[in-house]
Visitor: 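Quick one: structure below, then a few questions.
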Amino acid sequence: MKTGDTFERIYRVVRSIPQGSVMTYGQVAELAGMPRAARVAGYAMAAAPEDVPWQRVVGKSRKNRARITLRDSLTADIQRQLLEGEGIEFDGGEIDLERFGAVQP
DNA sequence: ATTATGACTGCAG
DNA sequence: TCTGCAGCCATAA
């Protein structure tokens with residue numbers, strides 16, 4: 001694949017997340033080949049094309065737990081609704097990665 | 001080339 | 001339990 005296609009690599013990973021599963025920004029970055037570029041994954045999501053299921057990428061909270069970390073409450077609410085629509089359950093505002101975390105290759 | 005920024009994280013207070 | 005702050009890394013200006 002081409003070199004310097006950071007965003008594309010990130011989008012490819014996100015597109016690989018199956019419906020009903022979620023992945024943290026850190027995981028996405030790692031699978032995209034940038035282990036410590038979690039923030040970059042977020043930066044990429046802000047500019048994500050429509051064919052990218054950005055709602056399946058969430059922020060890591062504590063061990064095996066994730067939460068929506070969007071600053072814009074309106075968009076954050078939309079993400080939560082989309083995820084709930086896919087069957088993701090929010091327990092105390094958080095997602096259990098043991099149950100909904102995407103299986104990594 | 002340098003500086004500012006952000007949909008992150010993990011640890012400290 | 002919750003908020004704050006210092007590292008992190010690529011993009012945008």
Side-chain angles (χ1 to χ4, degrees):
Chain A
M1 68 163 127
K2 283 194 332 182
T3 60
D5 52 350
T6 307
F7 277 42
E8 280 307 312
R9 288 205 253 176
I10 290 175
Y11 296 147
R12 196 185 61 191
V13 174
V14 176
R15 278 188 283 251
S16 77
I17 304 174
Q19 182 186 60
S21 297
V22 298
M23 197 176 276
T24 68
Y25 294 94
Q27 282 181 298
V28 171
E30 185 177 358
L31 292 181
M34 297 170 274
R36 293 168 183 83
R39 303 189 67 140
V40 178
Y43 192 83
M45 289 304 99
E50 291 183 36
D51 64 317
V52 175
W54 56 270
Q55 71 273 21
R56 295 177 192 156
V57 185
V58 295
K60 191 178 182 181
S61 159
R62 45 179 158 174
K63 185 176 174 58
N64 293 323
R65 297 292 261 187
R67 54 179 300 227
I68 292 176
T69 61
L70 301 196
R71 295 180 170 180
D72 179 48
S73 59
L74 182 60
T75 309
D77 186 55
I78 293 174
Q79 176 173 28
R80 173 164 177 157
Q81 289 183 55
L82 287 172
L83 292 178
E84 293 182 318
E86 292 185 3
I88 303 292
E89 292 171 32
F90 285 79
D91 173 45
E94 298 185 314
I95 298 170
D96 184 346
L97 293 177
E98 289 268 323
R99 299 175 57 196
F100 304 105
V103 179
Q104 299 178 51

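In what follows, chains are A, B, ... by sequence order, proteins preceding strands, each numbered from 1.
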Visitor: To the nearest angstrom, how far is Phe7(A) atom CZ from dA7(B) atom P?
Guide: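 That distance rounds to 12 Å.
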Visitor: How close do Leu97(A) and Ala66(A) get, counting heavy atoms only, and between which atoms?
Guide: CD2-CB, 3.9 Å
Visitor: How does protein reach along nucleotides 8-13 of chain B, written 5' to 3' as B (base within reach of a heavy atom under 4.0 Å), S (only sugar-phosphate), or - (no contact)?
Guide: BSS---
Visitor: Report all side-chain donor-acceptor pairs from residues 25-38 of chain A shorter than 3.5 Å, counting only partners two or more places apart or in another chain.
Guide:
from	atom 1	to	atom 2	distance (Å)
Gln27(A)	OE1	Thr24(A)	N	3.0

Visitor: How would you list, by chain and number, every residue that makes a side chain to side chain contact (heavy atoms under 4.5 Å, CB included) with Asp72(A), sequence neighbours excluded?
Guide: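 Result, side chain to side chain contact (heavy atoms under 4.5 Å, CB included) vs Asp72(A): Leu74(A), Thr75(A).
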Visitor: Which part of the nucleic acid, if any, lies within contact of Met45(A), taking any heavy atom under 4.0 Å across all strands shown: a base, the sugar-phosphate backbone alone, or nothing?
Guide: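 Base contact - Met45(A) has a heavy atom under 4.0 Å of at least one base atom.
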Visitor: Report the distance from atom CZ of Arg67(A) to atom P of dT1(C), rounded to the nearest whole Å.
Guide: 13 Å
Visitor: If you take any heavy atom closer than 4.0 Å to DNA chain C, which residues from residues 83-97 of chain A end up in contact?
Guide: none
Visitor: Within a reach of under 6.0 Å around CZ of Arg65(A), are more than 12 heavy atoms found that belong to other residues, nucleotides or ligands?
Guide: yes
Visitor: Between dT5(B) atom P and Tyr43(A) atom OH, what is the distance in whole Å?
Guide: 12 Å
Visitor: Rounded to whole angstrom units, what separation is found between the CD atom of Glu8(A) and the C1' atom of dT11(C)?
Guide: 15 Å
Visitor: Give a yes or no answer on whether the side chain of Tyr11(A) reaches the backbone of Ala44(A) with a donor-acceptor pair at less than 3.5 Å.
Guide: yes
Visitor: Per the side-chain hydrogen bond (donor to acceptor under 3.5 Å, both in side chains) rule, what does the pair list look like for residues 47-61 of chain A, sequence neighbours excluded?
Guide: Arg15(A)-Asp51(A), Gln55(A)-Glu86(A), Arg56(A)-Glu86(A), Ser61(A)-Glu94(A)
Visitor: Could you tell me the separation between the CG atom of Asp72(A) and the P atom of dG6(B), rounded to a whole number of Å?
Guide: 13 Å
Visitor: Indicate the atoms forming the closest heavy-atom contact of Asn64(A) with Asp96(A), along with that distance.
Guide: O-OD1, 3.6 Å
Visitor: Applying side-chain hydrogen bond (donor to acceptor under 3.5 Å, both in side chains), name anything that partners Glu84(A), two or more places apart in sequence or on another chain.
Guide: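 Glu84(A): side-chain hydrogen bond (donor to acceptor under 3.5 Å, both in side chains) contacts with Arg80(A).
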